[in-house]
Amino acid sequence: MYVPKEVEIIEVGPRDGLQNEPKPIAMVDKKTLIKRLAECGFARIETASFVHPKWVPQMANAEEIAHYCQELGLTYLALTPNLKALERAISVGVPQVAVFIGASETFNRKNINRSIADSLVECKQLIKLAKKKGIFIRGYVSMSFSCPYEGDVSFEQVRYICESLIHYGVDEMDMGDTNGQANPKIVYERFMRLREFFPEMTFVAHFHDTERMALANVIAALQAGITKFDSSIAGLGGCPYSPGATGNIATEDLVLMLEKMGCKTNVNVELLKQIIPYAKGLSSH
Ligand code: HMG
Ligand code: MG
């Protein structure tokens, strides 16, 4: 079996892990989680989201989180769904931003209140501005395997959105199994085809673990040449507009599996394990 020597794990717990929590989480707890995760050695952590607080209340105060990450000297990612979000991110010096588009029309409208066509127009302007400012840009495609509203999502639809975002200039493409319905076969085939179409692009895999197949999906993605994975401490997470979906793949499971297979993650597993009870304590799920 093919096992790369090293992979990058991007911890997304402080953003994807917490965004769906119904009870407000104190700022001090968010900061403690970020600090303890940073101590584990992640090269990057997704910590904030400059969304409208009315849409995702848990992500309010992204500016304060950004200042804190800077104090820690952390390389962090923040979600910026529209130009207003990007302007907020620029004003506090965010180093890496993420734009996101749903591969299904219904999900995209529910999630960002726009058609896919309008989102692409906005992303184009947004990516242009971010590039001008020297900001690293991640492009997410959500529901890139299937959608809770529309069912199967075609490869053509996913390819079309990737092609647009790559053409606008994103630095990496992150394929989201937002509702956690992918399986190893579709994961392997989709990533193989995407890498054939876009050989120069770096792809990231972002699995939710609804059907407990996320680890198997990682193995399939590795076989297709993917070496970057998002995950969330204690498997926290979910998207408020993805009904029935559970958390992201748990970081501790992913790190343990990869390290046992001889694949370096550069994450300190012992420190990571010590954070689990604290992280679980923040969640009401
Ligand atoms: P909208 O209501 O359509 O915004 O929201 P609008 O452009 O019509 O503006 C309405 C008002 O909101 C205006 O204020 C704007 O200034 C303000 P007014 O003039 O009425 O006083 N506004 C903002 N305020 C603060 N920050 C902003 C902002 N934008 C507008 N950024 C919007 C559009 C995109 C903002 C909204 O739909 C939104 O915030 N959606 C976010 C949804 C979200 O965060 N979903 C979860 C993340 S995606 C995910 O989890 C999937 C992922 O994990 C990958 C995977 O799993 O596949 C990434
Ligand atoms: Mg997600």
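As the structure lists them, so they are numbered: ligands from 1, and atoms in each ligand from 1. Remember, predicted model here, so these are calculated numbers, not experimental data.
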Which atoms of ligand 1 are found less than 4.0 Å from any heavy atom of [X]?
X    : value
A85  : 31 (N)
Y140 : 54 (C), 58 (C)
G176 : 57 (O)
D16  : 50 (O), 53 (O)

Does [atom1] belonging to [X] count more than 12 external heavy atoms closer than 6.0 Å?
X    : atom1 : result
D152 : CG    : no
K31  : NZ    : yes
R195 : CZ    : no

Which heavy atom of the protein is the closest neighbour of [atom], given with residue, atom name and distance?
atom                    : result
atom 44 (O) of ligand 1 : V51 CG1, 3.2 Å
atom 36 (C) of ligand 1 : W55 CD2, 3.4 Å
atom 31 (N) of ligand 1 : F50 O, 2.9 Å
atom 56 (O) of ligand 1 : H206 NE2, 3.0 Å
atom 22 (N) of ligand 1 : H52 CD2, 3.4 Å
atom 51 (C) of ligand 1 : S142 OG, 3.5 Å
atom 1 (P) of ligand 1  : N113 ND2, 3.8 Å
atom 42 (C) of ligand 1 : N111 O, 3.0 Å

[X], portion touching ligand 1 at heavy-atom distance under 4.0 Å:
X    : value
Q19  : side chain
T178 : both
M175 : neither

Do protein heavy atoms approach [atom] to less than 4.0 Å?
atom                    : value
atom 53 (O) of ligand 1 : yes
atom 40 (N) of ligand 1 : yes
atom 48 (S) of ligand 1 : yes
atom 7 (O) of ligand 1  : yes
atom 13 (C) of ligand 1 : no

Check: Can you say whether the rings of F203 and F191 are parallel (under 30°), tilted (30 to 60°) or perpendicular (over 60°)?
Finding: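 The arrangement is perpendicular - the two ring planes meet at more than 60°.
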Polar contact flag, side-chain donor to acceptor under 3.5 angstrom, [X]-[Y]:
X    : Y    : result
E105 : Y149 : no
S283 : E21  : yes
T251 : E11  : yes
E259 : T265 : yes
N20  : Q58  : no
N179 : H208 : no
Y278 : D29  : yes

Return the option from [options] holding the heavy atom at the smallest distance from [atom].
atom                    : options              : result
atom 58 (C) of ligand 1 : R15, Q58, R138, M143 : R15
atom 35 (C) of ligand 1 : L79, L83, N82        : N82
atom 4 (O) of ligand 1  : R114, R88, K84       : R114

Next item on the list: Measure from the ring center of F197 to the ring center of F155 and say whether it is less than 6.0 Å.
Entry: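 Yes - the distance between ring centres of F197 and F155 falls below the 6.0 Å cut-off.
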Next item on the list: List the steps, then state whether side-chain contact (heavy atoms from CB on, under 4.5 Å) holds for T227 with E8.
Entry: CA-CA 6 Å; T227 57; E8 184 190 5; over 6 Å; no
Checklist line | I101 side chain reached by S142 side chain, heavy atoms, under 4.5 Å | finding: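 With C-beta onward as the side chain, the pair stays apart.
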Check: Should the pair R138 and Y140 be classed as cation-pi, given the thresholds of under 6.0 Å to the six-membered ring centre and 45° from the axis?
Finding: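 Positive - R138 is close enough to the ring of Y140 and near enough to its axis.
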Next item on the list: Apply the test side-chain hydrogen bond (donor to acceptor under 3.5 Å, both in side chains) to residues H52 and N82: give CA-CA distance (whole Å), side-chain angles for both, the deciding distance (0.1 Å), then the verdict.
Entry: CA-CA 10 Å; H52 196 306; N82 60 5; over 6 Å; no
Check: Listing residue and atom name, which protein N/O/S atoms are closer to the Mg ion (ligand 2) than 2.8 Å?
Finding: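 Listed by chain and number, the atoms are D16 OD2, H206 NE2, H208 NE2.
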Margin query: Contact between ligand 1 and H208 is defined here as a heavy atom of the residue under 4.0 Å from a ligand atom; is it met?
Written below: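 A heavy atom of H208 does come that close to ligand 1.
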Notebook entry, point to check: Looking at residues at least two apart in the chain, or sitting in another chain, which of them share a side-chain hydrogen bond (donor to acceptor under 3.5 Å, both in side chains) with K110?
Noted result: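 By the side-chain hydrogen bond (donor to acceptor under 3.5 Å, both in side chains) rule, K110 matches no residue at all.
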Notebook entry, point to check: Is there a donor-acceptor pair under 3.5 Å between the side chain of N268 and the backbone N or O of L271?
Noted result: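 Pair found, side chain donor or acceptor close to backbone of L271.
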